[in-house]
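Accompanying notes for the structure given below.
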Amino acid sequence: MGMDRPQLSVLPILFVCLFFGPLSVSSQKSVWQDYVDEARRAYIAKDYSRSEDLYLLAIKEADRFGVGNLKVAETLDFLSIVFNAQSANSSRSTKMARTTRP
Amino acid sequence: MKFCCDWVAHPLLKGTEAQNIVRQFDRYQEFMDAVNDTTSGQVPTADLSFLRDFSGVLRLSKFRTELSAYLRSKGLSSKLTDDEREWTNFLAHYTRVIEDCPLKCVGHDLTHVDEVVLKVMDVKAPSAGADYQVMIDWSWLSKKREIQCHNVQTY
């Protein structure tokens, strides 16, 4: 009989974990996905600075998913592409400035 | 390329190549700590210049470029490294050799990371629907956060 009470008291906690646990993970994923989608749009629009900021925010979100998740690595790959595009772009701009200088 | 050749034969690397890899992870961990120190919604300010070399290490693209140059220098076809599917197939065969042999790279006098361990997590046969063929886990201990960190890459 004494064993029944603790088991019953665990039930509401179990319910909260089962119900809200996946919700919380899915809302984290949704925040991450929103940042990534917006960053991609900014990248396509060649707004590399904004894209970089959004990927940085996405990395912070991805880091919260925990050990072994692929999202940090995935986001880092995107960020690296944006960083290289931005570097190439600024190097092109510098070259342009040099060649157009009187 | 030397690093990837060494992986086949040695479980512990302390040479220049290994130290260079640990140094990359040291800078990456510094970046991740900066990301972690910002509040949610605030854009982390970090020096991203490490990404130029770091992604080459993580994606094994440096290995790919050097192997391609080596094959060409010997008058051999570089299709293996030039074609995406061929390259992934090669990686799958390569990782089968090293899959039971986690590699530990040891650095020297670094602030955030002392060593990095590479481990092959999964190798799949090529198939049309597969999202990856090879999965490698790069793991290290963050000295500041005192937690085991991972970066899992798929190829």
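Numbers restart at 1 for each chain; the letters A, B, ... are given by sequence-line order, proteins then strands. Because the structure is a prediction, the values reported are computed rather than measured.
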Inset, instruction - Verify, without hydrogens or angle tests, whether S51(A) (side chain) and Y48(A) (backbone) share a donor-acceptor contact under 3.5 angstrom. - result: no
Legend entry - T154(B) versus chain A, the contacting section by heavy-atom distance below 4.5 Å: side chain
Inset, instruction - Indicate the atoms forming the closest heavy-atom contact of G41(B) with Y35(A), along with that distance. - result: CA-OH, 4.1 Å
Legend entry - Option that, when pairs with chain A are counted at under 4.5 Å, heavy atom only, ranks first among W138(B), Y28(B), F54(B): Y28(B)
Inset, instruction - Kindly compute the distance separating CD1 (I136(B)) from CG (L58(B)), expressed to the nearest 0.5 Å. - result: 10.0 Å
Inset, instruction - State whether the side chain of K62(B) and the backbone N or O of V57(B) hold a donor-acceptor pair below 3.5 Å, judged by distance alone. - result: no
Inset, instruction - Examine whether an atom of D53(A) lies under 4.5 Å from a heavy atom of chain B, and if so say whether it belongs to the side chain, the backbone or both; otherwise answer neither. - result: both
Legend entry - Contact origin within M32(B) toward chain A - heavy atom pairs under 4.5 Å: side chain
Legend entry - Greatest number of heavy atom pairs closer than 4.5 Å to chain A - which of N151(B), N36(B), V43(B): V43(B)
Inset, instruction - Would you check if R64(A) and V31(A) make a side-chain contact, meaning some heavy-atom pair closer than 4.5 Å? - result: no
Inset, instruction - Let me know if I147(B) has heavy atoms under 4.5 Å from chain A in its side chain, its backbone, both or neither. - result: neither
Legend entry - Segment of L54(A) engaging chain B (4.5 angstrom heavy-atom cut-off): neither
Legend entry - Full working for salt bridge (Lys or Arg N to Asp or Glu O under 4.0 Å) between R27(B) and E30(B): CA-CA 5 Å; R27(B) 292 190 68 193; E30(B) 185 180 1; 5.4 Å; no
Legend entry - Under 4.5 Å from any heavy atom of chain B - which part of E74(A): neither
